[in-house]
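Just so it is clear, the structure is predicted and the values come from calculations on it, not from any experiment. As a basis for the values below, the full set of heavy atoms in this structure was taken, side chains included, without hydrogen atoms, waters or symmetry mates.
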Amino acid sequence: MYRVFGVNGPVVTIAGATALRMMEMVYVGGSRLIGEVIGLDSNSTTIQVYEESAGLSAGQNVHPTGELMSVTLGPGMLSNIYDGIQRPLKALEDDSGAFIGRGCNLPALDEEKLWDVTIRVKVGDIVRGGDIAAICPETGSIEHRALVPPNLQGKIVEVRENGRYTVCDTLAVLEDGQGNRHHLRLSHKWAIRVPRPVVRRFAPTKPLLTGQRVIDTLLPIAKGGAAAIPGGFGTGKTMTQHQLAKWCDADIIVYIGCGERGNEMTQVLHEFGELVDPKTGRPLSDRTILIANTSNMPVAAREASIYTGITIAEYYRDMGYHIAVMADSTSRWAEALREISGRLEEMPADEGFPAYLPSRLAEFYERGGYVQNANGSEGSITIIGAVSPQGSDFSEPVTQNTKRFTRCFWALDKSLAYARHYPAINWTESYSEYIVPLSAWYDENAGANFLTMRENIMKILLEEDQLLEIVKLIGADVLPDEQKLVLETAKVIRAGFLQQNAFHDVDTYVPLTKQREMMRVILLLHEKGRQLIMRQKPLTELIKTGLFEKLTKMKYEIGNDDMTGFEDLAAKIERV
C-alpha cells in the first residue's frame with residue numbers, strides 16, 4: 001500500500017520508488033477510485049484516475065491490485081450498457097440511482113445469472129488459447145462461445161457435465177506444461193491495451209454491406225477495414241453511424257460514445273431498443289454493446305473507453321463473428337489525451353496534442369482486420385471512427401493523422417447537410433482505397449458491369465463539379481446540350497441516388513441489386529440523351545418526357561424486393 005503525494009485533476013502522484021508496474025490497475029483513496037499507472041521513475045509514480053477525483057488529498061492510500069487494467073469478457077455483454085471502464089450502467093442505476101457514485105465498482109457481468117452451457121471439451125483434450133471450451137445462448141440471435149484464454153494451453157484434466165452455470169463457475173480444469181492447473185470458466189479477463197493474438201491476417205476481399213448507396217456503390221468499406229467520418233457540428237456524423245449500425249451486415253455492433261452529448265446516447269438507446277433486426281426479427285439491441293462515456297463523465301475515462309470497446313470486439317471476433325465498431329468520436333478521445341498530457345507537463349505538438357497522438361491512433365485502428373482465429377474460424381473487426389474537426393477544418397491534426405491509418409475517408413459536407421442532403425458525404429472529397437481489393441467480389445456477386453457503371457457515375461459527378469464552376473461565371477443557358485445533359489443526369493444521381501431518406505420504409509436500406517438497377521437506368525437515360533443530341537435533337541424534348549423526374553422518385557416508388565419497375569422505366573427510356 002502506498003500514499004498519495006499530489007493530485008492534479010485526474011493525475012495522482014506517489015513520491016519515491018514503488019513496486020507498481022506500468023499499466024497496473026490500482027484503487028486510490030478511501031472511495032477506492034479506479035486508476036492506472038501511466039508513469040514510473042525512481043522518484044515518483046504517476047497514476048491516471050478514471051473517476052471524479054474531487055476530494056482526494058495527499059496522504060490517502062493507494063492499493064495495488066497486481067493486475068493490468070482489464071475488462072471481464074463473457075456472456076451478458078450483449079444488450080448491456082457500460083461506461084468507459086466497463087462498469088454496467090443499468091446495474092449502477094439500480095445500486096446508486098441516476099448518478100454514478102464515486103468508487104462504485106459492480107461486476108461487469110451478472111455473477112448470479114445461470115446460463116444453459118454445453119461443454120465442448122473432454123478429459124484428455126489438448127487445447128490452446130482461442131479454442132472453444134463451451135457454448136451457451138447469449139441472446140436470441142448470438143451464440144456465446146466461451147474461449148480458452150489466449151495465454152493458456154495444455155491438457156484438460158477435469159470436466160463438468162452440461163448444465164446451468166454462472167460466469168464464475170468452473171467448467172473444466174486445464175493443466176499446463178509446468179503442471180499448473182487453471183480453471184476454465186464462461187468468463188475471463190484481458191488487458192485492454194494488449195491486442196488479442198490471431199493466427200493470420202487476410203487481405204480485405206469482402207465488403208461490409210450497409211444498404212447506403214453512396215457507401216456501398218461509390219465508397220465501399222471492406223470487412224476488417226477502417227473508415228473515418230470527419231465532419232463539423234451538425235453534418236450528421238452520429239446519424240450516419242446510427243444508419244451503419246442499424247443496417248450493416250456485421251454480426252455484432254460495438255458502439256462507443258466517447259465524449260458525446262448525453263442526448264445523443266439517449267437517442268441511440270431508444271432507437272436500438274425499438275428497432276427490429278432485419279436478419280433475425282428480434283430487437284437490434286440483442287447484438288449490440290454500448291460503451292456510453294458522455295461529455296459530463298470524467299475525461300480520463302474517455303481515454304480508456306476506446307480500448308474497452310475494441311477489446312470486447314476482439315473477444316467476439318475470436319469466436320468467429322464479424323464486428324463493426326462505431327467510435328463516436330475519436331476527436332473527443334484525442335482531446336482527453338491532450339488534457340492529460342498537459343497535466344503531465346509533456347511537450348505539446350500540433351495544436352497542443354501530445355506527440356504520441358499518431359501512434360495512439362495507429363494502435364487503435366490496427367486492431368481491426370479480417371483474421372483467422374486459433375479455433376479455425378474467421379472473424380473481422382471493421383472500425384468506423386467519427387472525427388469532429390473544429391470549424392470543419394480537415395487540416396487539423398486528428399483528421400490528418402486518422403487519414404494515415406484508414407483506407408476509407410467519408411468527408412461530410414456542411415453545405416450538403418444544410419441542404420438536407422443525407423448522408424452528407426461529399427463524393428469529390430471522399431475516397432475509398434478498397435475498390436481494387438473488392439473488385440473480384442463485386443464482379444461475382446453484383447454483376448461484371450457493376451464497377452464499370454460506378455466508374456461512369458463518378459465521371460458524370462466529377463464533370464458536373466467542373467461545369468458548375470463555369471455556370472457560376474456565365475450561367476447554364478450558354479452551355480451546349482451535351483453539357484446540359486451532364487448537369488441533368490448529375491442532378492438525378494444526387495437527388496435520386498446519393499440522397500437517401502433514413503426515415504422512409506423503402507429507402508432507409510437498399511440492397512445491392514436495387515443499387516445496380518438504379519445505376520443502370522440512370523446511365524441508360526444518359527446514353528439515350530447523348531444519342532438524341534447526336535441526332536441534332538434538342539435536350540428539351542427528353543426533359544419534357546418527365547423521365548428525369550421519374551428516375552429521381554424511383555427510390556421510393558420501386559420496392560427493394562420487386563425489380564420489375566426498373567424494366568418498365570428502361571422500356572420507357574428506349575421508346576423516346
inquiry  = salt bridge (Lys or Arg N to Asp or Glu O under 4.0 Å), that's the test. Do Arg196 and Asp318 meet it? Break it down for me.
reply    = CA-CA 8 Å; Arg196 291 173 68 90; Asp318 290 353; 2.7 Å; yes

No-hydrogen, no-angle side-chain donor-acceptor test under 3.5 Å, [X] and [Y]:
{"X": "Thr428", "Y": "Asp465", "answer": "no"}
{"X": "Asn8", "Y": "Arg343", "answer": "yes"}
{"X": "Asn501", "Y": "Asp507", "answer": "no"}
{"X": "Thr240", "Y": "Trp410", "answer": "no"}

task = Using the six-membered ring wherever Trp is involved, compare the ring planes of Trp333 and Phe364 and label them parallel, tilted or perpendicular (cut-offs 30° and 60°).
result =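 Trp333 and Phe364: tilted rings.
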
Nearest heavy-atom neighbours spanning [X] and [Y]:
{"X": "Ala245", "Y": "Met326", "result": "N-CE, 3.8 Å"}
{"X": "Thr552", "Y": "Ala495", "result": "CG2-CB, 3.9 Å"}
{"X": "Ile192", "Y": "Val71", "result": "CG2-CG1, 3.4 Å"}
{"X": "Thr308", "Y": "Ile85", "result": "OG1-CA, 4.3 Å"}
{"X": "Tyr434", "Y": "Ala226", "result": "OH-N, 3.0 Å"}
{"X": "Lys237", "Y": "Gly232", "result": "NZ-O, 3.2 Å"}

message = Are His322 and Tyr316, when compared by the centres of their aromatic rings, separated by less than 6.0 Å?
response =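 Distance test on ring centres: not under 6.0 Å, no.
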
Side chains of [X] and [Y], heavy atoms from C-beta outward: is any pair under 4.5 Å?
{"X": "Tyr422", "Y": "Gln212", "answer": "no"}
{"X": "Asn373", "Y": "Val199", "answer": "no"}
{"X": "Leu56", "Y": "Leu33", "answer": "yes"}
{"X": "Val486", "Y": "Leu467", "answer": "yes"}
{"X": "Leu416", "Y": "Gln499", "answer": "no"}
{"X": "Tyr82", "Y": "Leu89", "answer": "no"}
{"X": "Gln500", "Y": "Gln243", "answer": "no"}
{"X": "Glu36", "Y": "Val49", "answer": "no"}

Any sub-3.5 Å donor-acceptor pair from [X]'s side-chain atoms to [Y]'s backbone N or O?
{"X": "Asp328", "Y": "Ala386", "result": "no"}
{"X": "Trp427", "Y": "Tyr431", "result": "no"}
{"X": "Asp216", "Y": "Gly211", "result": "yes"}
{"X": "Ser388", "Y": "Ser331", "result": "no"}
{"X": "Ser359", "Y": "Tyr356", "result": "yes"}
{"X": "Ser305", "Y": "Cys258", "result": "no"}
{"X": "Ser430", "Y": "Ala411", "result": "yes"}
{"X": "Ser70", "Y": "Leu68", "result": "yes"}
{"X": "Asp249", "Y": "Leu209", "result": "yes"}
{"X": "Asp393", "Y": "Pro389", "result": "no"}

inquiry  = Pair Ile460, Ile493 - check side-chain contact (heavy atoms from CB on, under 4.5 Å), show working.
reply    = CA-CA 9 Å; Ile460 293 170; Ile493 294 171; 3.9 Å; yes

Using a cut-off of 6.0 Å, state whether more than 12 heavy atoms not belonging to [X] lie near its atom [atom1].
{"X": "Phe233", "atom1": "CZ", "value": "no"}
{"X": "Glu351", "atom1": "CD", "value": "yes"}
{"X": "Phe5", "atom1": "CZ", "value": "no"}
{"X": "Lys246", "atom1": "NZ", "value": "yes"}

message = For the residue pair Lys223 and Tyr370, would you count it as a cation-pi contact if the rule is NZ or CZ under 6.0 angstrom from the ring centre and within 45 degrees of the ring axis?
response =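 Judged by the rule (NZ or CZ under 6.0 Å from the ring centre, within 45° of its axis), Lys223 is not positioned above Tyr370.
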
message = Is the positively charged end of Arg516 above the ring of Phe450, judged by distance under 6.0 angstrom from the centroid and angle within 45° of the axis?
response =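 No - Arg516 does not lie over the ring of Phe450 by the 6.0 Å and 45° rule.
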
Got a second to check how far [X]'s [atom1] is from [Y]'s [atom2], nearest 0.5 Å?
{"X": "Arg317", "Y": "Asp251", "atom1": "CZ", "atom2": "CG", "value": "14.0 Å"}
{"X": "Met518", "Y": "Arg213", "atom1": "CE", "atom2": "CZ", "value": "4.0 Å"}
{"X": "Tyr50", "Y": "Ile34", "atom1": "OH", "atom2": "CD1", "value": "10.0 Å"}
{"X": "Met22", "Y": "Thr46", "atom1": "CE", "atom2": "OG1", "value": "9.0 Å"}
{"X": "Glu335", "Y": "Thr330", "atom1": "CD", "atom2": "OG1", "value": "10.0 Å"}
{"X": "Glu396", "Y": "Thr399", "atom1": "CD", "atom2": "OG1", "value": "3.5 Å"}

query = Please walk me through it: do Thr18 and Thr45 pass side-chain hydrogen bond (donor to acceptor under 3.5 Å, both in side chains)?
reply = CA-CA 7 Å; Thr18 66; Thr45 298; 2.9 Å; yes

task = Using the salt bridge (Lys or Arg N to Asp or Glu O under 4.0 Å) rule, take Glu363 and Arg193 through it: C-alpha gap first, then chi angles, then the decisive distance, then the call.
result = CA-CA 9 Å; Glu363 285 174 10; Arg193 300 182 192 275; over 6 Å; no

task = State plainly whether the residues Arg87 and Glu51 are in salt-bridge range, i.e. N to O under 4.0 Å.
result =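 So Arg87 pairs with Glu51 through a salt bridge.
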
task = Decide salt bridge (Lys or Arg N to Asp or Glu O under 4.0 Å) for Glu303 and Arg360; before the verdict, give the C-alpha distance in whole Å, the side-chain angles of both, and the deciding distance to 0.1 Å.
result = CA-CA 10 Å; Glu303 202 262 341; Arg360 291 288 179 88; 3.2 Å; yes

message = For a side-chain hydrogen bond (donor to acceptor under 3.5 Å, both in side chains) check, start with the C-alpha distance between Arg367 and Thr311, then their side-chain angles and the critical distance, and finish with the verdict.
response = CA-CA 9 Å; Arg367 288 176 73 168; Thr311 303; 3.1 Å; yes

message = Assess the residue pair Arg338 and Ser341 against the criterion (side-chain contact (heavy atoms from CB on, under 4.5 Å)); give the C-alpha distance rounded to whole Å, side-chain angles, the decisive distance to 0.1 Å, and a yes or no.
response = CA-CA 5 Å; Arg338 178 167 62 184; Ser341 174; 5.6 Å; no

message = For Ile221 and Thr382: C-alpha separation, side-chain torsions, deciding distance, then whether side-chain contact (heavy atoms from CB on, under 4.5 Å) applies.
response = CA-CA 9 Å; Ile221 181 173; Thr382 308; 3.5 Å; yes

task = Give the intermediate values and the outcome of side-chain contact (heavy atoms from CB on, under 4.5 Å) for residues Val37 and Met23.
result = CA-CA 5 Å; Val37 176; Met23 307 308 172; over 6 Å; no

